[in-house]
Amino acid sequence: MKNKNMKIIRNTDDLRQQIKVYRAEGLTVALVPTMGALHEGHLSLIRMARAKADKVCVSIFVNPRQFGPTEDFDIYPRNEERDIKLLQLMSTDLLYAPDVDEIYPETHSTSIQVGPIGDILEGEYRPGFFTGVATIVAKLLMQCQPDVAIFGEKDFQQLQVIRKLVTDLNIPSQILGCETIRESDGLALSSRNAYLSEDEREIAPELYKTLCQVADAANGGGDVIVSIMQACDRLEQLGYGPIDYLAVRDVKTLQHMPDGSEEGRVLVAANLGKTRLIDNIAI
Ligand code: AMP
C-alpha cells in the first residue's frame with residue numbers, strides 16, 4: 001500500500017525526534033542505509049526491514065568519504081524524486097536524506113578504522129573505502145538508533161566490516177544480511193550496472209558464472225588455486241581486466257581459509273570497461 005505520509009527528514013535533530021515518538025509508542029525501528037538509485041536489491045532489504053520491525057527508516061546519502069579521488073562520486077546516479085516514489089510504494093515510514101553538510105560539518109574530524117578486515121580485498125584496491133563506510137554507518141546507527149539494520153550480502157565484505165564495527169563499539173543494533181538479488185542471467189543488481197555499455201552488459205553475467213565455477217571446485221574438493229587461475233584467464237579472454245581479486249576466503253574474517261575451515265566465500269572484483277563489478281557467493 002502506498003504511503004503518501006512517508007516522512008522525509010533532512011537533519012539529525014528531526015530524525016531523533018521522530019524516532020523518540022516511535023519509541024514512546026513502543027514501536028521497533030529498522031534502518032536500511034542506501035546511496036539511492038534504488039533497485040530491486042534495495043527493495044528486498046526494505047521488505048526484510050518491514051518483516052523485522054514496526055517502522056522502516058531508509059536513508060539515502062551518497063557518502064563522499066567512501067569514494068577515492070579518481071572514483072565516480074560526481075557521476076554516481078542520483079534520482080531522489082524517483083526514489084521517493086518507490087519508497088512510498090514500499091510503504092516506507094521514514095526517509096532520512098541529509099545533505100553532506102549535515103553529516104560532515106566543517107568541524108567533523110572523527111573517522112573509524114576497523115582493522116585488518118578493512119585493509120584486504122576491497123580495502124586493498126580502494127584505500128580508505130572501509131574507513132568511509134564504517135564512519136558513515138556508525139553515524140547513521142547513532143543518529144537513528146535502530147533495533148535492526150539491514151545490509152546486502154552483495155557487498156559481503158562491507159557487511160562483515162559493519163558486523164565487526166558494531167561488535168567492537170558495542171552499538172546496540174542487530175545487523176542482518178539479506179541475500180543478493182540478481183537479474184535472470186545472474187548479474188547482481190547494482191546502481192553501477194547503469195555504467196555498462198550494451199556489449200559489456202552481455203558479458204557482465206560471466207562474473208557470476210565464474211564465481212559458481214570456483215565454488216563448484218571448492219565444494220567438490222578440487223584444486224581451488226588452479227580453478228581461480230583458469231577463471232581469471234577466462235574472464236580476461238572475455239574482455240575483463242584488470243581483475244582486482246578472485247579469492248576464496250573464510251566467511252567471517254575474510255582471511256585465507258584456515259585448514260579444516262568449513263564456511264567460505266568466493267569473492268571477486270573485476271573491471272569491465274569503465275565499470276568495476278563486485279560479487280560473491282557462499283561455498
Ligand atoms: P548502495 O546503495 O549500493 O550503497 O547499497 C545499499 C544497500 O543495498 C547495501 O547494504 C547493499 O549491500 C545492498 N544491495 C545493493 N545491491 C544489492 C543486491 N543486488 N542485492 C541485495 N542487496 C543489495
Side-chain angles (χ1 to χ4, degrees), residues 30-52 56-68 71-73 75-80 82-84 86-87 90 92 95-98 100 103 114 118 121-122 126 129-141 144 146 148-166 173-196 201 204-205 207-208 211 254 265 267-269 275-282:
L31 173 67
V32 180
T34 81
M35 297 204 299
L38 301 179
H39 52 63
E40 240 343 284
H42 298 115
L43 303 192
S44 74
L45 307 193
I46 295 171
R47 282 187 202 103
M48 185 185 254
R50 170 67 58 221
K52 298 290 173 187
V56 175
C57 170
V58 174
S59 64
I60 296 183
F61 181 65
V62 184
N63 176 32
R65 299 209 180 181
Q66 69 187 67
F67 288 78
E71 293 184 353
D72 54 342
F73 177 73
I75 57 161
Y76 194 84
R78 293 165 171 88
N79 191 341
E80 193 185 81
R82 176 184 168 276
D83 287 346
I84 286 174
L86 267 175
L87 291 174
M90 295 297 294
T92 304
L95 164 63
Y96 179 47
V100 174
I103 296 291
V114 288
L121 302 170
E122 282 300 283
R126 303 182 70 188
F129 172 66
F130 284 121
T131 298
V133 167
T135 305
I136 186 60
V137 172
K139 283 175 71 80
L140 291 171
L141 292 175
C144 182
V148 47
I150 321 272
F151 296 86
E153 290 185 349
K154 157 77 170 51
D155 302 284
F156 194 75
Q157 188 177 5
Q158 170 173 284
L159 172 62
Q160 301 305 57
V161 160
I162 290 162
R163 289 196 160 124
K164 184 87 176 73
L165 161 84
V166 161
S173 299
Q174 187 189 10
I175 302 300
L176 293 179
C178 188
E179 73 179 37
T180 302
I181 304 299
R182 300 177 181 281
E183 303 279 7
S184 55
D185 59 12
L187 175 65
L189 296 194
S190 164
S191 309
R192 289 189 167 102
N193 291 350
Y195 302 154
L196 294 168
R201 177 62 189 82
L207 201 64
Y208 176 61
L211 282 176
L254 299 181
R265 202 90 194 172
L267 305 106
V268 68
T275 313
R276 186 170 181 278
L277 298 173
I278 64 167
D279 201 351
N280 68 89
I281 57 171

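Every number for a ligand or one of its atoms is a count from 1 in the order of the listing.
Listed by atom number, the atoms of ligand 1 under 4.0 Å from Leu45 heavy atoms are 7 (C), 8 (O), 10 (O), 13 (C), 22 (N). When each atom of ligand 1 is checked for a heavy atom of Gly152 under 4.0 Å away, the hits are 9 (C), 10 (O), 11 (C), 12 (O), 13 (C), 22 (N). Each of the atoms 15 (C), 16 (N), 17 (C) of ligand 1 lies under 4.0 Å from some heavy atom of His39. Within ligand 1, counting atoms from 1 as listed, the ones closer than 4.0 Å to a heavy atom of Asp155 are 11 (C), 12 (O).
Using a 4.0 Å cutoff on heavy atoms, Glu40 does not count as a contact of ligand 1. Residue contacts with ligand 1 leave out Arg182, since none of its heavy atoms falls under 4.0 Å from the ligand.
Asn280 places no side-chain N or O within donor-acceptor distance of the main-chain N or O of Arg265, the cut-off being under 3.5 Å. At least one donor-acceptor pair closer than 3.5 Å links the side chain of Gln157 to the backbone N or O of Glu122.
Under 4.0 Å from ligand 1, the heavy atoms of His42 that appear belong solely to its side chain. Contacts with ligand 1 closer than 4.0 Å are made by backbone heavy atoms (N, CA, C, O) of Pro33 only, the side chain lying farther away. Using a 4.0 Å cut-off between heavy atoms, Leu159 makes no contact with ligand 1 at all.
Nearest to atom 21 (C) of ligand 1 by heavy-atom distance, out of Glu153, Glu183, Glu179, is Glu179.
Every residue two or more places apart in sequence or in another chain was checked for a ring-ring contact (aromatic ring centres under 6.0 Å, His included) with Phe129, and none qualifies. With sequence neighbours left out, the salt bridge (Lys or Arg N to Asp or Glu O under 4.0 Å) criterion links Glu183 to no other residue.
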